[in-house]
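What you are looking at is a predicted structure, and each value in this text was computed from that prediction instead of being measured. Every number for a ligand or one of its atoms is a count from 1 in the order of the listing.
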Amino acid sequence: MKIDPGDSNLQDSSHLMTDIVVPRPIAWVSTVDENGVFNLAPFSCYGLVSSFPMVIGFSVGSYRDGKKKDTIRNIELTKEFVINVVTETLGPAMNITSASFPREVSEFTKAGLTPVKADIVNAPMVLESPVKIECRVIQIIEFGKPLVTSLVLGSVLRLHIADEYWNKKSGRIEGLRLIARLGGDGDWYCRTGDTFQMKRPII
Ligand SMILES: Cc1cc2nc3c(=O)[nH]c(=O)nc-3n(C[C@H](O)[C@H](O)[C@H](O)COP(=O)(O)O)c2cc1C
């Protein structure tokens, strides 16, 4: 089987790529709009771009009618956002926030989550999430026609890590139990608990 991008429509492409690129971490992105309404939505086209300097990237597609999603509208406006991690227990709440609520409705209220003030940016953080990352936009790259996808590159300004997950001795984060997105028919996820170790060769 060989497939070229030109042979695929929106749905086929999405199925193909989300089956191949797995598991995908979930950026649970909080932003604020021009009227102060707090927005929250998950994005799994997400990854670590660089750890030193700390840069993360995630992309936001358009709705099928071409309209931009609230997350990207808010980021274009404010140039700021927060990424909150999604633990196993926060999965159901994250799922609620993926519904396309009207712009004036806050997903925080719909999902029963608590917005808390960030230190540097005006976007709120999800209190219930154990790690929050305050970010400022470095660049937004748009591609695709007529449906535009926006790749957001963000510089990390501050990390907030709940004490219970911070191992002072090793200086590392431990025991987060995050979930990640898979492909497949239906809405599949995995837990990040099935791990094994493979030491890199020393030459
Ligand atoms: C786990 C998960 C991952 C998602 N990943 C993406 C993504 O990478 N890109 C995207 O455009 N939409 C993605 N979505 C859909 C958005 O979350 C959804 O369109 C949301 O309503 C956008 O909200 P907003 O208009 O408040 O920005 C994802 C949904 C879920 C449940």
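For atom 23 (O) of ligand 1, the closest non-hydrogen atom of the protein is Ala41 CB, 3.3 Å. Of all protein heavy atoms, the one closest to atom 27 (O) of ligand 1 is Thr71 OG1, 2.5 Å. Atom 14 (N) of ligand 1 has as its closest protein heavy atom Pro42 O, 3.4 Å. At the top of the distance list for atom 5 (N) of ligand 1, counting protein heavy atoms only, stands Ser44 N, 2.9 Å.
Of the heavy atoms in Lys69, both backbone and side-chain atoms come closer than 4.0 Å to ligand 1. Looking at Phe101 against ligand 1, nothing comes within 4.0 Å, counting heavy atoms.
Close approach to Asn39 involves these atoms of ligand 1, each under 4.0 Å from a residue heavy atom: 24 (P), 26 (O), 27 (O). Against a heavy-atom cut-off of under 4.0 Å, Ala99 is close to the following atoms of ligand 1: 21 (O). Under a 4.0 Å criterion applied to the non-hydrogen atoms of Glu107, ligand 1 contributes the atoms 26 (O). Residue contact check: Val60 has heavy atoms under 4.0 Å from atoms 11 (O) of ligand 1.
Aromatic ring centres of Phe81 and Phe58 lie closer together than 6.0 Å.
Put simply, the side chain of Asp33 gets close to the backbone of Val37: a donor and an acceptor are under 3.5 Å apart. Not one N or O on the side chain of Glu107 forms a donor-acceptor pair closer than 3.5 Å with the backbone of Thr97.
For the residue pair Glu142/Thr149, the side-chain donor-acceptor check at 3.5 Å is not satisfied. With 3.5 Å as the limit, one finds a donor-acceptor pair spanning the side chains of Asn84 and Ser30. No hydrogens or angles considered: nothing links the side chains of Arg181 and Ser44 as a donor-acceptor pair under 3.5 Å.
Checking only distances, Tyr63 does come within under 3.5 Å of ligand 1, N or O to N or O. Between Arg181 and ligand 1, no N or O atom pair is found at a separation short of 3.5 Å.
The cationic group of Lys68 does not satisfy the cation-pi geometry with Tyr63, failing either the under 6.0 Å distance to the six-membered ring centre or the 45° limit from the ring axis.
A salt bridge links Glu34 with Arg103: the closest approach of a Lys/Arg side-chain nitrogen to an acidic carboxylate oxygen falls below 4.0 angstrom.
At least one heavy atom of Ser59 sits less than 4.0 Å from an atom of ligand 1. At least one heavy atom of Tyr189 sits under 4.0 Å from some atom of ligand 1.
Compare Cys45, Ala27, Ser98 by their heavy atoms: the one nearest to atom 20 (C) of ligand 1 is in Ser98. When the heavy-atom distances from atom 7 (C) of ligand 1 to Trp28, Phe43, Phe58 are ranked, the shortest goes to Phe43.
Within the 4.5 Å cutoff, the side chain of Pro42 has no heavy atoms near those of the Val86 side chain. By the 4.5 Å heavy-atom criterion applied to side chains, Phe43 and Ile83 are not counted as neighbours.
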